[in-house]
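It should be emphasised that the depicted structure is a prediction, and the values quoted were computed from it without experimental measurement. Residue numbers start from 1 in every chain, and the chains themselves are labelled A, B, ... in the order their sequence lines are given, proteins ahead of strands. Computed over heavy atoms, backbone and side chain alike; hydrogens, waters and symmetry mates excluded.
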Protein chains: 2
Amino acid sequence: MFSALQTCAKHNMASDSVNRPTSSVNRPTSIKDIARKANVSFSTVSRALQNSPLISRRTAEKIQRIARDSGYRASAVARGLVTQKTKTIGVVVTSIADPFVSEVVDGIEECCNDHGYSVFLANSNADPDRERKVVQSFAERRVDGIVVTSSRVGALYIPLLSEMRVPIVLVNNQHPGEFVHSVMIENVQGSRDATNHLIQLGHRRIAYVGDRFGHQSDTERFSGYRQALDSAALPFFPELVVHGDGKSEKAIAITEALLRLKEPPTAIFCYNDMTALGVLRSLHAQGLRIPADISVVGFDDLFIASYTDPPLTTVRQPRKRMGLLAMGSLLQLMGGQNLSQAITVAAELVVRKSSGPLQKDRR
Amino acid sequence: MFSALQTCAKHNMASDSVNRPTSSVNRPTSIKDIARKANVSFSTVSRALQNSPLISRRTAEKIQRIARDSGYRASAVARGLVTQKTKTIGVVVTSIADPFVSEVVDGIEECCNDHGYSVFLANSNADPDRERKVVQSFAERRVDGIVVTSSRVGALYIPLLSEMRVPIVLVNNQHPGEFVHSVMIENVQGSRDATNHLIQLGHRRIAYVGDRFGHQSDTERFSGYRQALDSAALPFFPELVVHGDGKSEKAIAITEALLRLKEPPTAIFCYNDMTALGVLRSLHAQGLRIPADISVVGFDDLFIASYTDPPLTTVRQPRKRMGLLAMGSLLQLMGGQNLSQAITVAAELVVRKSSGPLQKDRR
DNA sequence: TTGTAGGCGTTATCAT
DNA sequence: ATGATAACGCCTACAA
């Protein structure tokens with residue numbers, strides 16, 4: 001008892017005079033501070049705070065009370081160092097300001113929070129170099145897993161995966177085939193449905209305003225469009241297919257060109273809602289009535305789609321759910337399970353007012 | 001030399017047989033692994049990797065090469081433990097899916113990235129309990145600073161500030177007066193400008209569709225509206241002031257009621273763009289022409305504002321810049337500076353097509 | 001049921 | 001210019 005006290009005193013002196021020369025940088029209260037107040041060893045405190053069964057109820061309660069009263073917060077960084085698990089995941093996005101992306105992240109975050117994980121967020125600005133750097137920083141942070149949305153360079157992650165030994169899940173990335181774990185929207189089915197919808201309304205000259213050439217999602221959506229035409233035995237008009245950039249400005253110019261054709265389309269199917277926004281605006285500017293004169297269909301079902309004039313017929317991507325699914329897969333992978341199948345999510349046609357029956361005598 | 005080798009060998013044996021009984025959980029390569037390969041002590045490696053001047057060029061280069069080749073990534077968690085600085089900040093948002101919020105976060109993230117910080121993101125869902133929990137988790141993560149956007153419970157952070165001893169900056173929170181460090185939009189000036197704009201167009205019966213009663217930003221925007229009326233010596237009509245909820249659905253019903261008045265307004269100034277969206281839709285449904293029959297002005301300048309029909313006159317909040325400013329302040333605070341003045345950002349009226357001169361004979 | 005000791009991967013302060 | 005050593009705050013055998 002006596003010697004124990006002496007040791008304790010010596011220890012205190014050491015830590016007060018030597019270890020903490022600058023008392024001005026007072027650290028957050030630690031497990032040791034609590035141990036001192038409770039007159040127990042700090043390992044007892046550690047156990048009590050984890051509700052370990054091998055601690056007497058009395059001391060456990062006392063310790064927990066002291067911890068609460070002194071506003072103790074266990075250091076996740078110290079814990080991470082010893083357990084080799086940080087309970088964090090990294091999320092790489094092109095831009096968090098993108099409404100598609102932000103809803104996916106919303107889903108990811110919700111799932112993380114429910115499972116005690118914190119999320120690191122980083123923008124890549126669709127720049128492969130930045131994307132690389134961001135992932136390096138995640139590596140240094142020792143994240144337990146990574147989710148990447150809309151990457152153009154999914155292949156980048158293949159070597160990283162083995163290097164970092166951390167599970168990675170991609171959402172709507174450009175080259176899912178190359179990557180094991182991914183959540184993808186069913187582009188082909190979605191755009192087939194959209195095109196079929198227009199065909200059933202009687203349209204024969206249906207334009208497709210795509211994304212930049214070579215992008216996987218564009219290729220797939222175009223493919224769905226072709227499939228619909230083919231299975232309805234309708235002719236394919238190459239002049240009705242134009243590549244945009246997924247933004248509305250470009251779509252405006254494209255629409256004008258489309259309308260200048262000797263035989264303009266009677267319906268326009270757009271790669272995404274942003275493109276459709278530009279198309280709508282351009283059509284309005286030309287004084288055309290929608291859908292009386294021409295029909296428009298988008299893809300994504302952004303919030304804005306129900307507020308355009310007229311409300312936009314489009315293909316819905318359940319973005320938040322895709323985020324939840326991605327995080328769900330990641331949790332399984334981090335738990336050591338080895339699911340290797342890519343998840344694919346059905347796209348849902350949402351019919352609003354921008355699509356209508358073909359008017360035979362429209363001009 | 002001989003004894004040194006022996007020590008080294010002993011050390012290796014110890015760490016290989018005792019310290020790492022399970023070689024299956026192979027950790028990322030550490031400073032020690034590199035030290036072994038380079039035949040130097042691990043402190044030399046540490047210095048070489050930090051470009052310490054007291055290391056010979058030769059060994060420094062050798063070490064750096066080995067580090068690069070073995071894909072070494074310094075553990076930020078270990079570094080954080082010893083330096084007591086994690087180089088992370090926590091961002092609390094109501095919902096990252098909110099377009100206002102996501103652009104603020106975009107600015108924050110950009111600034112963080114430029115300065116070597118990583119950002120933890122967490123949704124509060126506007127729930128004070130969640131908000132409290134989120135901040136606790138940030139405390140455990142030992143973040144170096146916190147940014148909170150659109151909190152309704154700014155006061156919550158006052159005790160936290162002293163407890164956590166971490167700088168906090170609030171963006172557009174409800175009660176800035178209570179809090180030292182904040183970035184706020186100039187609500188009063190912005191809505192005064194908007195209202196003046198309508199007055200100059202000849203409007204006398206201008207409605208204000210606000211947010212829920214009691215919210216600071218609503219109170220301020222209403223105050224700007226009143227100021228404009230007063231300084232133009234115009235009468236104030238209480239029946240033209242209605243409280244919405246900042247969402248478009250509610251605004252639809254409100255607009256219908258407004259139009260049923262014996263003397264309906266000739267212009268509607270909305271608390272935000274979402275509200276304006278509902279107003280526009282309702283107006284369209286009633287067959288009114290905008291702005292010929294009635295003018296509409298919003299607040300925020302969301303992306304969607306330039307794509308409504310007609311494009312919406314509104315008051316712009318420079319959201320990304322506000323994020324940058326908030327993070328700028330936080331950097332200064334984390335650097336030990338003690339700026340205590342709240343930052344206020346000017347709002348900018350953006351005139352588009354939804355506002356026009358009063359038509360005397362409109363009905 | 002509780003205490004002791006060692007180690008997680010760094011940085012930093014001594015020595016040499 | 002380099003090496004040994006002690007933290008940082010926590011977890012976890014192993015001892016008692």
Side-chain angles (χ1 to χ4, degrees), chain A residues 1 3-4 7-8 11 14-16 18-22 25 27-36 38-50 52-60 62-63 67 72-87 140-142, chain B residues 1 3-5 7-8 10-11 14-15 18-22 25 27-36 38-60 62-63 67 72-87 140-142:
Chain A
M1 175 59 180
S3 78
T7 315
C8 184
H11 187 79
S15 63
D16 283 344
V18 178
N19 301 343
R20 300 192 184 186
T22 49
V25 270
R27 315 194 193 304
T29 90
S30 85
I31 219 172
K32 289 183 190 171
D33 301 324
I34 296 179
R36 208 170 304 135
N39 273 315
V40 293
S41 77
F42 64 86
S43 38
T44 302
V45 175
S46 174
R47 282 186 279 251
L49 262 24
Q50 297 173 78
S52 163
L54 15 88
I55 270 336
S56 79
R57 283 184 49 77
R58 250 183 58 81
T59 49
K62 180 173 72 173
I63 288 172
Y72 170 76
R73 297 282 145 219
S75 163
V77 5
R79 176 180 297 138
L81 186 57
V82 44
T83 62
Q84 302 288 325
K85 299 236 155 295
T86 55
K87 286 285 206 167
E140 297 183 353
R141 297 290 179 193
R142 298 294 192 264
Chain B
M1 173 62 177
S3 77
L5 268 178
T7 315
C8 183
K10 217 191 287 179
H11 187 80
S15 63
V18 178
N19 301 343
R20 301 195 183 184
T22 49
V25 269
R27 317 194 193 304
T29 90
S30 84
I31 219 172
K32 291 182 188 171
D33 301 323
I34 295 178
R36 207 170 304 133
N39 271 315
V40 294
S41 75
F42 69 87
S43 32
T44 302
V45 175
S46 174
R47 282 186 279 249
L49 262 25
Q50 297 174 77
N51 294 315
S52 162
L54 15 87
I55 250 43
S56 80
R57 281 184 49 78
R58 252 184 56 81
T59 50
K62 181 174 71 173
I63 289 172
Y72 170 76
R73 298 280 145 221
S75 164
V77 4
R79 176 181 297 138
L81 186 56
V82 43
T83 63
Q84 302 287 321
K85 299 235 155 297
T86 55
K87 283 284 202 170
E140 297 184 353
R141 299 289 180 194
R142 298 294 192 264

Check whether any side-chain nitrogen or oxygen of [X] sits under 4.0 Å from OP1 or OP2 of [N], and answer yes or no.
| X | N | answer |
| --- | --- | --- |
| Ser41(A) | dG3(C) | yes |
| Lys32(B) | dC8(C) | yes |
| Ser46(A) | dC10(D) | no |
| Thr59(A) | dT2(C) | yes |
| Arg27(A) | dG9(D) | yes |
| Ser56(A) | dT2(C) | yes |

Between [X] ([atom1]) and [N] ([atom2]), how many Å, whole number?
| X | N | atom1 | atom2 | result |
| --- | --- | --- | --- | --- |
| Ile34(A) | dG9(D) | CD1 | P | 12 Å |
| Leu54(B) | dC14(C) | CG | P | 14 Å |
| Arg47(B) | dT2(D) | CZ | P | 9 Å |
| Asn39(B) | dG3(D) | CG | C1' | 13 Å |
| Phe42(A) | dG6(C) | CZ | P | 12 Å |
| Asn51(B) | dA1(D) | CG | P | 15 Å |
| Lys87(A) | dC8(C) | NZ | C1' | 18 Å |
| Leu49(A) | dT12(D) | CG | P | 13 Å |

Minimum heavy-atom separation for [X] to [Y], with atom names?
| X | Y | result |
| --- | --- | --- |
| Ser30(A) | Tyr72(A) | C-CE1, 3.7 Å |
| Ala38(B) | Lys62(B) | O-NZ, 3.2 Å |
| Leu81(A) | Ala78(B) | CD1-CB, 3.8 Å |
| Pro28(A) | Asp33(A) | O-OD2, 4.1 Å |
| Ile55(A) | Ala60(A) | CG2-CB, 3.3 Å |
| Arg79(A) | Ala74(A) | NH2-CB, 3.3 Å |

Winner on side-chain proximity to Arg142(A), out of dT2(C), dT10(C), dT12(D), is dT10(C)
Side chain of Thr44(B) (C-beta onward), nearest among dT2(D), dT11(C), dC10(D) | dT2(D)
Near DNA chain C, which residues from residues 76-84 of chain A have a heavy atom under 4.0 Å away?
-> Leu81(A), Val82(A), Gln84(A)
Could you tell me whether the side chain of Arg73(A) reaches within less than 4.5 Å of the side chain of Arg142(B), counting heavy atoms only?
-> yes
Hey, does Arg47(B) have a side-chain heavy atom less than 4.5 Å from the side chain of Leu54(B)?
-> yes
Residue whose nearest DNA chain D nucleotide is more 5′ - Pro53(B) or Tyr72(A) | Pro53(B)
Between Ser46(A) and Ser43(A), do the side chains contain an N or O donor and an N or O acceptor separated by less than 3.5 Å?
-> no
Value rounded to 0.5 Å, distance of OG1 in Thr29(A) from CZ in Arg27(A) | 12.5 Å
Contact class for Ser75(A) vs. all strands (heavy atom < 4.0 Å): base, sugar-phosphate, or nothing?
-> sugar-phosphate
For the helix from dT1(C)-dA16(D) to dT16(C)-dA1(D), figure out the bend between the end axes, five pairs an end, and round to 10 degrees.
-> 50°
